[in-house]
There are 2 protein chains.
Amino acid sequence: MSDDPLARFDFLTGSLGYSLRLTQVRMYNLFFEMIGDLGLTPARVTALSLIATGDDMNQAKLARSLDIAGPSALKIVDALEAAGLICRLDVQGDRRRYVLALTATGRAKLEQLRVRMAEYEDRIAAGLSPAEREQLIGLLNRTALPG
Amino acid sequence: MSDDPLARFDFLTGSLGYSLRLTQVRMYNLFFEMIGDLGLTPARVTALSLIATGDDMNQAKLARSLDIAGPSALKIVDALEAAGLICRLDVQGDRRRYVLALTATGRAKLEQLRVRMAEYEDRIAAGLSPAEREQLIGLLNRTALPG
DNA sequence: TATTGTTATACTCTATAACTATA
DNA sequence: TATAGTTATAGAGTATAACAATA
């Protein structure tokens with residue numbers, strides 16, 4: 001690249017990790033620009049989607065799905081419940097547990113989100129062809145794999 | 001995909017935003033697994049690299065480069081100084097400012113980091129060919145662009 | 001007036017540890 | 001003993017607002 005001896009300490013140029021981080025920050029900013037008015041964070045949208053589509057979702061399962069600790073999942077559940085989007089339902093035969101379910105407000109919010117998330121996805125992929133978008137997702141899914 | 005009417009609320013499958021977020025979390029975990037023993041966070045490595053390679057780096061410039069607020073940059077600078085990796089040098093002719101410079105300890109740490117960061121970059125791209133790695137960086141740099 | 005750096009403060013997200021109720 | 005959920009607490013990271021010193 002350069003004869004500059006300082007270039008040996010440039011960990012950023014051409015770094016996959018740095019590119020990924022910058023892209024994620026841009027994406028995060030665009031999320032709040034485009035969807036912030038709906039009052040949800042990316043993590044809460046993810047949780048809401050999991051509650052809507054998963055069956056028999058509870059807090060422990062949510063924590064495992066999101067790969068976060070129990071108390072962190074609790075905060076998300078509390079926030080979604082306080083916003084009136086979900087409710088805790090008692091479970092017959094196990095009084096420790098409850099099932100997370102959408103409220104009518106939650107379903108309406110998801111209808112809004114369905115449109116806005118699609119616009120958001122189109123926006124972040126605006127510079128890519130449909131083929132490139134699929135290619136990018138495929139490459140990402142093969143990056144930084146554990147094991 | 002599916003006839004399941006709930007699939008309309010699955011914002012995660014095939015989502016570029018979600019793939020990007022998951023990949024970044026995996027990457028973050030691998031960073032601490034592989035480099036965590038050096039006692040630096042990704043943000044501090046970035047800052048250290050900028051201080052090492054940028055000329056006449058100061059706190060305001062660092063804040064702009066990292067796209068964070070002044071007090072946030074201050075905390076990073078304080079942490080790097082407390083770790084003995086950088087020092088604040090007075091500037092002739094402007095007593096408001098100082099220049100951030102590496103200490104001998106900081107240079108030694110950067111030599112360690114140079115090797116470890118290379119290993120880390122290889123590790124996160126282990127599932128990709130060199131061509132795919134370049135392709136991924138190129139696609140990321142065209143994703144979620146502002147404007 | 002504008003800029004550099006600082007302090008004070010607060011909010012969010014995350015985590016661990018200890019607790020309760022129940023199984 | 002083990003599990004689901006909760007509470008308390010703490011730490012990291014971020015932000016805004018107000019300030020001092022200097023230009």
Side-chain angles (χ1 to χ4, degrees), chain A residues 21-22 24-29 31-33 35-36 39-48 50-51 54 56-83 86-101, chain B residues 21-22 24-29 31-33 35-36 38-48 51 54 56-83 86-101:
Chain A
R21 185 145 162 265
L22 286 183
Q24 222 251 341
V25 168
R26 292 197 300 268
M27 204 186 70
Y28 192 78
N29 291 337
F31 178 93
F32 284 103
E33 208 173 285
I35 309 189
L40 292 167
T41 63
R44 287 175 197 176
V45 171
T46 303
L48 204 55
L50 284 169
I51 293 167
D56 204 31
M57 184 57 71
N58 57 37
Q59 180 189 299
K61 210 161 152 185
L62 190 64
R64 284 192 297 271
S65 298
L66 294 172
D67 197 22
I68 58 178
S72 303
L74 178 74
K75 278 210 169 183
I76 293 175
V77 169
D78 281 349
L80 292 175
E81 192 181 44
I86 65 170
C87 54
R88 292 164 152 104
L89 299 179
D90 289 341
V91 171
Q92 295 274 4
D94 188 343
R95 295 203 315 209
R96 292 174 308 178
R97 299 178 51 216
Y98 50 70
V99 163
L100 301 173
Chain B
R21 185 145 160 263
L22 286 183
Q24 223 251 340
V25 169
R26 291 197 301 268
M27 205 185 69
Y28 192 78
N29 291 337
F31 178 93
F32 284 103
E33 207 174 286
I35 309 189
L38 295 185
L40 292 167
T41 63
R44 287 175 196 175
V45 171
T46 303
L48 204 56
I51 292 167
D56 204 30
M57 184 57 71
N58 59 36
Q59 180 189 300
K61 209 161 153 185
L62 190 64
R64 285 191 296 270
S65 298
L66 295 172
D67 197 23
I68 57 178
S72 302
L74 178 73
K75 277 205 170 185
I76 293 175
V77 169
D78 281 350
L80 292 175
E81 192 181 44
I86 65 170
C87 55
R88 293 163 152 103
L89 299 178
D90 290 340
V91 171
Q92 295 274 3
D94 187 346
R95 294 203 315 206
R96 291 175 309 179
R97 299 177 50 216
Y98 50 71
V99 163
L100 301 173

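Chain identifiers are assigned alphabetically (A, B, ...) following the order of the sequence lines, protein sequences preceding nucleic acid strands; residue numbering begins at 1 within each chain.
Closest heavy-atom contact between Ala73(B) and Ala63(B): CB-CB, 3.8 Å. When all heavy atoms of Leu50(A) and Met57(A) are compared, the closest pair comes out as O-CE, 3.7 Å. Leu66(B) approaches Ala47(B) most closely through the heavy-atom pair CD1-CB, 4.2 Å. For the residue pair Arg44(A) and Leu80(A), the shortest heavy atom distance occurs at CB-CD2, 4.1 Å. Looking at every heavy atom in both residues, Gln59(B) comes nearest to Leu74(B) through OE1-CD1, 3.2 Å.
Nucleotides of DNA chain C that come within less than 4.0 Å of any heavy atom of chain A span, from the 5' end to the 3' end, dC13(C) to dA23(C).
Atoms CZ and CZ, on Phe31(A) and Arg21(B) in that order, are 9.0 Å from each other to the nearest 0.5 Å.
Residues satisfying the salt bridge (Lys or Arg N to Asp or Glu O under 4.0 Å) test with Asp67(A), not counting sequence neighbours, are none. Every residue was checked against the salt bridge (Lys or Arg N to Asp or Glu O under 4.0 Å) condition with Arg26(B), not counting sequence neighbours, and none meets it. Partners of Tyr98(A) by ring pair (Phe, Tyr, Trp, His ring centres under 6.0 Å), not counting sequence neighbours: none found.
Contact check, Arg88(A) against dT6(D): a side-chain N or O comes under 4.0 Å of OP1 or OP2.
Rounded to an integer number of Å, the gap from Asp90(A) CG to dG5(D) P is 11 Å. Rounded to whole angstrom, the span from the CD atom of Gln24(A) across to the P atom of dT14(D) amounts to 13 Å. Protein atom CZ of Arg97(B) is 12 Å distant from nucleotide atom C1' of dT22(D), rounded to whole Å. Between the CD atom of Gln59(A) and the P atom of dT7(D) there is a distance of 10 Å, given to the nearest Å. Look at CD1 on Ile86(A): it is 12 Å from P on dG5(D), rounded to the nearest Å. Across the protein-nucleic acid pair, Leu100(A) atom CG and dG5(D) atom C1' stand 11 Å apart, rounded to whole Å.
Within the 4.0 angstrom heavy-atom criterion, only backbone atoms of the sugar-phosphate kind lie near Ala60(B); the bases stay farther away.
Proximity of Lys61(B) to Leu100(B): side-chain heavy atoms (C-beta onward) are nowhere separated by under 4.5 Å. Side-chain contact between Ile68(A) and Ile76(A) is present, with at least one heavy-atom pair separated by less than 4.5 Å.
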So which protein N/O to nucleotides 11-13 of chain D N/O distances come out below 3.5 Å?
| from | atom 1 | to | atom 2 | distance (Å) |
| --- | --- | --- | --- | --- |
| dG13(D) | OP2 | Arg44(B) | NH2 | 3.0 |

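With distances taken from any side-chain atom of Asp94(B) to the nucleotides dT16(D), dT22(D), dT7(D), the minimum falls on dT22(D). Among the nucleotides dA23(D), dT7(D), dA15(D), the one closest to any side-chain atom of Ser72(B) is dA15(D). The side chain of Leu74(A) lies closest to dT7(D) when the candidates are dT7(D), dT14(D), dA23(D).
Helical stems involving DNA chain D, defined as 3 or more consecutive Watson-Crick or G-U pairs under 3.5 Å, span C:1-23 with D:1-23.
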